[in-house]
Structure formats: C-alpha cells, structure tokens
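A, B, ... follow the sequence lines: proteins, then strands. Residue 1 opens every chain.
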Amino acid sequence: MFISEENVFVEITENDLDICKCMELVADPGAGAISTFNGVTRNNFQGKTVIKLDYEAYVPMALKKLQELAHEVGRRWNVCKVAVAHRKGIVLVGEPSVIIAVSSAHRRESLEAVQWAIDELKAVVPIWKKEFFEDGSIWKENEE
Amino acid sequence: MFISEENVFVEITENDLDICKCMELVADPGAGAISTFNGVTRNNFQGKTVIKLDYEAYVPMALKKLQELAHEVGRRWNVCKVAVAHRKGIVLVGEPSVIIAVSSAHRRESLEAVQWAIDELKAVVPIWKKEFFEDGSIWKENEE
Amino acid sequence: MRIKVLFFAKSREVAGLSEQVFELADGGNTEDLLHQIISAHPGLENVMKSCVFAVNQEYVRPCDKEPLKEGDEVAIIPPLSGG
Amino acid sequence: MRIKVLFFAKSREVAGLSEQVFELADGGNTEDLLHQIISAHPGLENVMKSCVFAVNQEYVRPCDKEPLKEGDEVAIIPPLSGG
C-alpha cells in the first residue's frame, strides 16, 4: 500500500513489488520519460552463492526517509512524479527488493534522478539485508 | 516479437510495448540491478497540445541498428542482458514509444548503459515521429 | 544500373511515393543519384539538404560520392526522431 | 527518565531482543545511554562501534552527547544495507 502525497508515492511491503504499478503511479500526461531502477536479488556475492535475502526495516523511519528522499528528488530535478517501493522479508533470487520510478518531461531529469535516488536510499533509509549463503548467513554492510 | 541473439533482444512492433516483458527478457540470476528507460508520448511540445504521435521506421535497418546498439552496450559496460523495444504507428499520450531495459550485476553499469542507449538510439536508428497537434501536424526533428 | 530508392518521412510526403527505381549510368555515385532524385522531384531540393542516404542500410552522405552498383537499395533519411 | 531502545539487524542478533526500556538519570545524553546499553549487553561493545542512533527517527552519533528526554525512542542503527 503506497503512502501518497502530491506527486510522491512510497511503500514498504512484504508483498512482491510491481513495476507496472510503479509505472502507473508516476504516469503523467506531461511526462515524456519514465526511468526506473530495480534492485534485484543476485545469486552470488563475493564469490559465494546467495539463496535469498531477508530485509528488515525500521519501518516508520524508513517510510519517513523514503518520503524525504522522494521530495528531495522533486527539489533537485524538474520531475513529474516519484515512486519508491521497498520489500521487507524474504526476497528470492531474481525478485526485486526495491523499485524507484521517476517521470519527467524530458529524459535527462528522470535518468539522473533515479541514479541519485538509489544512492541516497542506500545511504539514509534504515533498512538492512541479511544474505543467506549456501554455507550459512551473514549481515552485509553497504560496501558499494 | 523480439529478435534475440545471446543476451540482446530487440523489437519493432505495432503492438503496445510491455515493460514487464522487457524486464523478464533481461532477468538474470547474476543481475543485481535492472534499469529501464521508457519514452512516452507527452501531451505537449513547445507549448502546443499533442494528441498522438505516429512512428514510421525503416524497419530492416532500424532492427539492425538496434541490435548494433545493444551489442555496443555489452562492449562498453559489464552488463548481463539488453532489451530494446520500439513502437511503430500511432502512440497515444501516456503510452510508451520505446522501452530500453538493461540488467547488470551492480547498478552503476545498467544506469549508465540505459542513458547511453537512449541517446544513441535517437542518433542512429532510422525512426521518425509525426506529431499530431490539435491545430494540424508536423514532422519533428530531434532537436534534443 | 538500377537503383531502388526508398522515401521516408518528410521526403515521402513531398515526393508523394515511398519507392522508386532510378536508372543510373555505370560508375555512378550517390551524388549523381541525388541529382536524379531532385530532377524527378524538384520539391525535394530543400528537404534533401537535411537528409542523408542509407546505402544497403549503411549511412552515407550523398556528397561523399559513394560509388553505387546494380541493385543497391538507397533510402532517403530525413533527420531522425525516434525514441 | 525512561528511554525506549530498539535493536535492529546485527545489534538485535547480538542482544537477543528487539526492544528494551532503559532508565536514564535526568539530563542524560546519548553517550550515557550507549554506556548503559553496553553494560547491559557486553557483546554489543564491538558492534556499537559501527552503529549510530536514531533518536525519534533522526540520526545521531552517540558521541555527539545529544540530550535525551522522557519517552524518547532511540533505535540502534547498524550500517545500512537496503536497496
């Protein structure tokens, strides 16, 4: 369930994320471009085989930070709408854990905004993932 | 119908483009990121109200250039898969005319590749759009 | 030699057709073809200033005097507006 | 004053609980709270080196000695790994 205010939509959910839903949310007759970033669970990390990831969130603060982040996109770029959805709980290989969608009149803004947004999300939103390797599991810090 | 070779999928079609289809095509267990760019019909251009766009393509050459472009992405960035779909014919406001999807292990490559790919597409793929304004129609050159 | 010419976008609108075969003397090149196209469709003179050719699906500027051969397909390519 | 402390990720695993109320003398700050948390959960000493606090959902470094008040919610925030 997305929290929506003006042109910002944010969500943290246990359910599968839906790219089409995010695209619909940011659709705008004045938009000529919609860029999206989808973080998906990869089957390997540092040479070890990953089976699944388990995401934990400090939900109230994470939602607040997602909204702040989405509003900041609107301040930095001339965009139409911003949607950010993040998964909680188990995310299997190939499934999306985060989807960021940004619409804008011209392509440059949405392409740049999406790039900034995922970097900012990883830096400020209180969410953690636990990687389940074939040989046991560890918490992973954001070395990226 | 996509033409596929190794990790490259290209399509020029009269049918609606499907973001989910493109996402499925570039899905890869080794991919941690999927970035997409969607060009959609905007309701205005230079202050005039646009009703629809009509796309024309030199199809055989356009497909060839799309494949070349997608392979070039693979040469320039460490990506998993690339899908590019372009519409032919009438595209109404809000509908996508082009979708580019790129998957990669880490986000940087797919985000940069998608940006390069749409710029390259506009420069080399023999496709033209005719803008139907409320007050009559003109061909539009790529001033962007 | 026979050269198949394809007209796209603006050039098709002005010429009023999408395909036409031109007869070119052997040893002819893209510039010769350009002149023949304009003499057949005077309205294209202006349009062609912003067009290039695609000879067998490879871009060529007419003024490059690229040699042509029997059966070549040459497309008139107005400025692109895809994406 | 009572401070509600939330444990996340690594800190929850080491402490073995996700929430605990700490009693802090009036005028206490985030550094005082840090010491109480570590004395209650010695295993956290190392973990806390790479953690920050979120006081009422705003990031604070414990060493900033941010003053606390009755009913504040303080979350232990290990290095993030969202996205």
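Remark: A:Tyr58 pairs with D:Phe8 by the ring-ring contact (aromatic ring centres under 6.0 Å, His included) rule, at least two apart or across chains.
Along residues 15-33 of chain A, the residues that come nearer than 4.5 angstrom to chain B, judged on non-hydrogen atoms, are A:Ile19, A:Cys20, A:Met23, A:Pro29, A:Gly30, A:Ala31, A:Gly32, A:Ala33 in order of number. Contacts from residues 92-105 of chain A to chain B, taken as heavy-atom pairs separated by less than 4.5 Å, involve A:Val93, A:Ala105 in sequence order. Using a 4.5 Å heavy-atom cut-off against chain B, no residue of residues 68-90 of chain A qualifies as contacting.
You'll find the side chain of B:Glu112 stays beyond 4.5 Å of the side chain of A:Leu111, heavy atoms only. Side-chain atoms of B:Gln115 and A:Arg107, non-hydrogen and from C-beta on, never get closer than 4.5 Å to each other.
Note on A:Thr41, A:Ile118, A:Thr36: by heavy-atom pairs under 4.5 Å with chain B, the leading option is A:Thr36. Ranked by heavy-atom pairs under 4.5 Å with chain B, the list A:Asn43, A:Val114, A:Val50 is led by A:Asn43.
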